[in-house]
Amino acid sequence: RSITAPTLIIQGDADDLVRPALTRRLSDRFSVRPRYVEVSGGHDVLLPDKPVWAEVERAVHEFAASL
């Protein structure tokens, strides 16, 4: 609850290590509502060689532009 900075959470919808429902529940506990983006992929969505990378990159750019 002590996090007050703008926050972006990127979650893979097929992540079997960190399940999306648990991440959504965690994001509900933030003091300031984080931007939550669910993308197609597993736990490795932050690797540039994954097909979902363009989606992740777009989410990061949109988040940065909104600050």
Side-chain angles (χ1 to χ4, degrees):
R1 294 199 185 277
S2 62
I3 296 174
T4 58
T7 303
L8 170 64
I9 297 173
I10 299 175
Q11 172 69 49
D13 63 358
D15 192 333
D16 57 359
L17 183 61
V18 180
R19 294 196 168 86
L22 296 176
T23 303
R24 286 190 298 271
R25 196 173 335 159
L26 173 66
S27 74
D28 288 340
R29 300 181 69 191
F30 281 53
S31 298
V32 174
R33 188 84 171 155
R35 182 172 299 181
Y36 177 86
V37 178
E38 208 164 283
V39 296
S40 300
H43 189 70
D44 56 359
V45 297
L46 295 181
L47 298 177
D49 63 337
K50 298 297 177 185
V52 72
W53 179 251
E55 203 175 338
V56 170
E57 189 175 32
R58 183 173 37 260
V60 171
H61 284 271
E62 288 174 2
F63 177 71
S66 74
L67 300 178

Next on the checklist: Check this for me, if you would: do Glu62 and Arg35 make a salt bridge, where the nitrogen-to-carboxylate-oxygen distance has to be below 4.0 angstrom?
Outcome noted: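 Here Glu62 does not pair with Arg35 in a salt bridge, since their nearest N and O are not under 4.0 Å apart.
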
What pair of heavy atoms forms the shortest contact from [X] to [Y], and how long is it?
| X | Y | value |
| --- | --- | --- |
| Ser66 | Phe63 | OG-O, 2.6 Å |
| Thr23 | Ile9 | CG2-CG2, 3.5 Å |
| Leu8 | Ala59 | CD2-O, 4.0 Å |
| Asp15 | Pro20 | O-CD, 3.8 Å |
| Ser40 | Asp13 | CA-OD1, 3.4 Å |
| Val45 | Gly12 | CG1-CA, 4.0 Å |

Would you give the length of the straight line joining atom [atom1] of [X] to atom [atom2] of [Y], rounded to the nearest 0.5 angstrom?
| X | Y | atom1 | atom2 | value |
| --- | --- | --- | --- | --- |
| Arg29 | Ser2 | CZ | OG | 11.0 Å |
| Glu57 | Leu46 | CD | CG | 12.0 Å |
| Leu17 | Asp44 | CG | CG | 10.5 Å |
| His43 | Arg19 | NE2 | CZ | 12.5 Å |

Do the non-hydrogen side-chain atoms of [X] and [Y] ever get within less than 4.5 Å of each other?
| X | Y | answer |
| --- | --- | --- |
| Asp28 | Leu26 | no |
| Thr7 | Val32 | no |
| Ile10 | Tyr36 | no |

Item to check | Same apolar cluster (I L V M F W Y, side chains within < 4.5 Å links), Val37/Val60 | outcome: yes

Checklist entry - Near Arg24 CZ, under 6.0 Å, is it more than 12 heavy atoms from other residues, nucleotides or ligands? => result yes

